[in-house]
Amino acid sequence: MTYDDVTHLSAKIKPKQQKVELEMAIDTLNPNYCRSKGEQIALNVDGTCTDETSTYSSKLMDKQTFCSSQAASNVSRYAAAVYKKGELHLTPLHGILQLRPSFTYLDKADAKHREREAANEGVSCFKGFGAEFNDSEQARQRRVQSYEFLQKRQAEEHWVHLHYYGLKDSRSEHERQYLFSQGHGLAENTELIKSPSEYLMMLMPPSVEEENDKPMAPSNVLSMAQLRTLPLADQIKILMKNVKVMPFANLMSLLGSGSDSTAVLRCIQQVAMLVQGNWVVKSDVLYPKDTSSPHSGVPAEVLCRGRDFVMWKFTQDRWVVRKEVATVTKLCPEDVKDFLEHMSVARINKGWEFMLPYDEDFVKKHPDIVQRQHMLWMGIQAKLEKVYNLLKEHLTPKKQEAQSVRPLLVSGEQRVNMAKAKVKQNYGQLEKEFQKQKAEMKSNDASGKMDVSSIRIKEEPVSDEEPMDTSAYEGMNNGLVNGLHTEDDSTDPLNGHLPGGCIDRVAQELKAFVSSTFKKQFVLTLSELKRLFNLHLASLPPGHTLFSGISDKMLQDMVLDTGCKQILVPFPPQTAASPDELKVYALWEAGDTYDQHRQVLLEIFSKNYRVRRNVIQNQLSQECGEDLNKQEVDRVLKDCCVSYGGMWYLKGTVQS
């Protein structure tokens, strides 16, 4: 919203708090305004009754409040600049405020919702639980009282209402004149008759007070430069509190090259515990004393015990099941999820896995630290046994769990070798089956069959056309590329030549496949046709005639021979489609009553990449000379097209 669009604006300020509120009207007649949503918000906030205390008197959310917050804590180095007639006029700033939408109306709606729930449920049902939640209730009351006290203090200062003047108002123009210096010439301003270095020192003095006032261990986020000015123990505590899990090598790199590893090890043990060779921040650092859970209000002591149980489980195994943690600790699901997200990642159908690999280097270099941490974990385990009454299945890891802490790392080269060995094993089995079938064949069919193991691919230059994907069926075809050669002009697919009878059978099989496929699909891109042919080959037994080798050109020629035509779809210039996706083929005559309708539709798409439905329906009615009903148009569109974003495209041509 610009200033010229404002139909109503009111402003007020609290000078002591440097707090500003602006209230702007919302144009409820604008077509982009959702009236039903506005009515629902007003109903949630004010209810059905309207009086002077109502936030929205029109029963619509017709205004929006913006509340200010300080954009910077120290603005002494900032100034407002105006450049006019070759002169730069600077005005110092004493405060910078940022306006953000205020959602106090949601608090009002939430308060009413809680009042209704309390009235419905009653207070008596909570009497039996008073003793159990006494501590958490007192902590909650202390927080509420503290918050209410601060709110009361802020509310004591009265608002000062302001008047809004538009950008082009004469009074606004008068105020803007104060941004220009009234002095004429440098002679009157002796402060500027200085050297450039002196002037810069005046403009940007060193911030001595800011360095002295810096807290030793601030809770907010610090830059790495600020962090390294703190004591080593505070640096480690802040890093671990934010990162939560970290290898020792990464910690040393963050602390800088001058850090002493012995001193770091001494400090890290004060704020973190060793889990699988990595350091995990202690629970009492994240949940200090006299705090509570933001989800359930459970005190920090209970949270620390639950998180220690999760950390201890990860010292036994790389995997932890969330349900087991919730059953043992009796904590709410949100708290358990927070524990797990601190140190692990969820894996589908497996559980939660520790997020870092086992740090073998640290364990080998520092066996004394590892032993000391092991003793600490033994003490924590003893406490957990008493608190949670742990069973033997919780304490004794499974046989495979004893070795799971140190995961087996398999390199990429090892994976490739394992895959090759598996392929050779499967190939040997397929070869035995093929030889057995070959021996059982009749003598009159022996001439039409070939020994696939003796086939060698003809080594000729590959054409510009992309070959078919061979990854899924390479072993089945015994070295052939899905039974398809990549050369378009290859008429001799194998070394030597096939007998004439075999070539005829290959053509018959290929024609049968193409014909049946297009009668089902009607429109296919070359890429999709290749994919379907690969699936067809996968379903055939070893030694089938279609494995004799078929080039892309042979496949395309067969498509045209079966009565299909290539549709030259005008793809957009910026299309990212591959060459095979740009080649679109369609069955021209299927022998049914919709042939003419499909031909008209294909002619439309030979001139347009995408078309609206009403254009298609009008064109069909004009060309076919009849008024088609909705079912007939739907049938034709279903055969050849797909809908996306309110437009119709030929199958396989949509570029999302």
Side-chain angles (χ1 to χ4, degrees), residues 1-27 30 32 62-104 153-214 220-223 225-226:
M1 178 184 293
T2 63
Y3 289 105
D4 296 334
D5 298 332
V6 174
T7 58
H8 166 74
L9 186 146
S10 62
K12 52 186 179 180
I13 183 174
K14 289 186 177 181
K16 292 182 180 179
Q17 301 177 27
Q18 294 187 352
K19 186 176 181 181
V20 177
E21 274 194 6
L22 293 181
E23 185 179 280
M24 290 187 178
I26 298 176
D27 185 7
N30 192 291
N32 296 324
D62 55 359
K63 57 186 176 181
Q64 175 68 59
T65 303
F66 293 84
C67 188
S68 68
S69 61
Q70 288 191 0
S73 59
N74 183 11
V75 297
S76 60
R77 298 187 176 188
Y78 294 93
V82 181
Y83 187 78
K84 183 179 181 181
K85 295 181 180 179
E87 297 176 348
L88 182 65
H89 300 259
L90 299 177
T91 303
L93 299 180
H94 299 284
I96 301 176
L97 300 180
Q98 181 179 15
L99 290 174
R100 296 179 179 177
S102 175
F103 301 101
T104 54
R153 287 285 302 273
Q154 293 179 0
E156 288 178 354
E157 184 180 1
H158 297 289
W159 286 103
V160 178
H161 290 272
L162 307 175
H163 295 283
Y164 168 74
Y165 298 105
L167 182 66
K168 299 179 181 179
D169 193 278
S170 60
R171 282 163 291 194
S172 299
E173 181 63 29
H174 177 73
E175 290 293 329
R176 281 197 295 273
Q177 294 302 318
Y178 287 108
L179 296 175
F180 298 98
S181 174
Q182 303 303 319
H184 302 284
L186 296 177
E188 300 178 5
N189 198 342
T190 57
E191 291 185 354
L192 296 181
I193 307 178
K194 296 181 181 295
S195 64
S197 60
E198 291 175 333
Y199 173 68
L200 287 176
M201 184 64 67
M202 292 174 57
L203 187 63
M204 298 285 290
S207 181
V208 179
E209 295 182 359
E210 185 178 349
E211 295 178 359
N212 294 336
D213 294 340
K214 281 184 180 179
N220 58 330
V221 179
L222 299 176
S223 66
Q226 291 175 316

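All values below were derived from every heavy atom in this structure, side-chain atoms included, with hydrogens, water molecules and symmetry-related copies excluded.
Every residue two or more places apart in sequence or in another chain was checked for a side-chain hydrogen bond (donor to acceptor under 3.5 Å, both in side chains) with Ser170, and none qualifies. Under the rule for a side-chain contact (heavy atoms from CB on, under 4.5 Å), the partners of Tyr83 that lie at least two apart in sequence or sit in another chain are Leu88. Pro92 pairs by the side-chain contact (heavy atoms from CB on, under 4.5 Å) definition with nothing, not counting sequence neighbours. Applying the side-chain hydrogen bond (donor to acceptor under 3.5 Å, both in side chains) criterion to Gln98, with sequence neighbours excluded, gives Arg100. Taking Glu175 as the reference, nothing meets the side-chain hydrogen bond (donor to acceptor under 3.5 Å, both in side chains) condition, with sequence neighbours excluded. Residues satisfying the ring-ring contact (aromatic ring centres under 6.0 Å, His included) criterion with Phe180, sequence neighbours excluded, are His89.
The shortest side-chain heavy-atom distance between Arg176 and Glu173 falls under the 4.5 Å cut-off.
Taking every heavy atom of both residues into account, Ser68 and Val20 meet most closely at OG-N, 2.7 Å. Here the shortest heavy-atom pairing between Tyr178 and Thr91 reads O-OG1, 4.5 Å. Contact between Ala81 and Leu90 at its shortest, heavy atoms only, is CB-CD2, 3.5 Å. Taking each heavy atom of Gln64 and Ser102 in turn, the nearest pair found is NE2-O, 3.3 Å.
For the atom pair Leu97 CG and Ser69 OG, the distance stands at 7.5 Å (nearest 0.5 Å).
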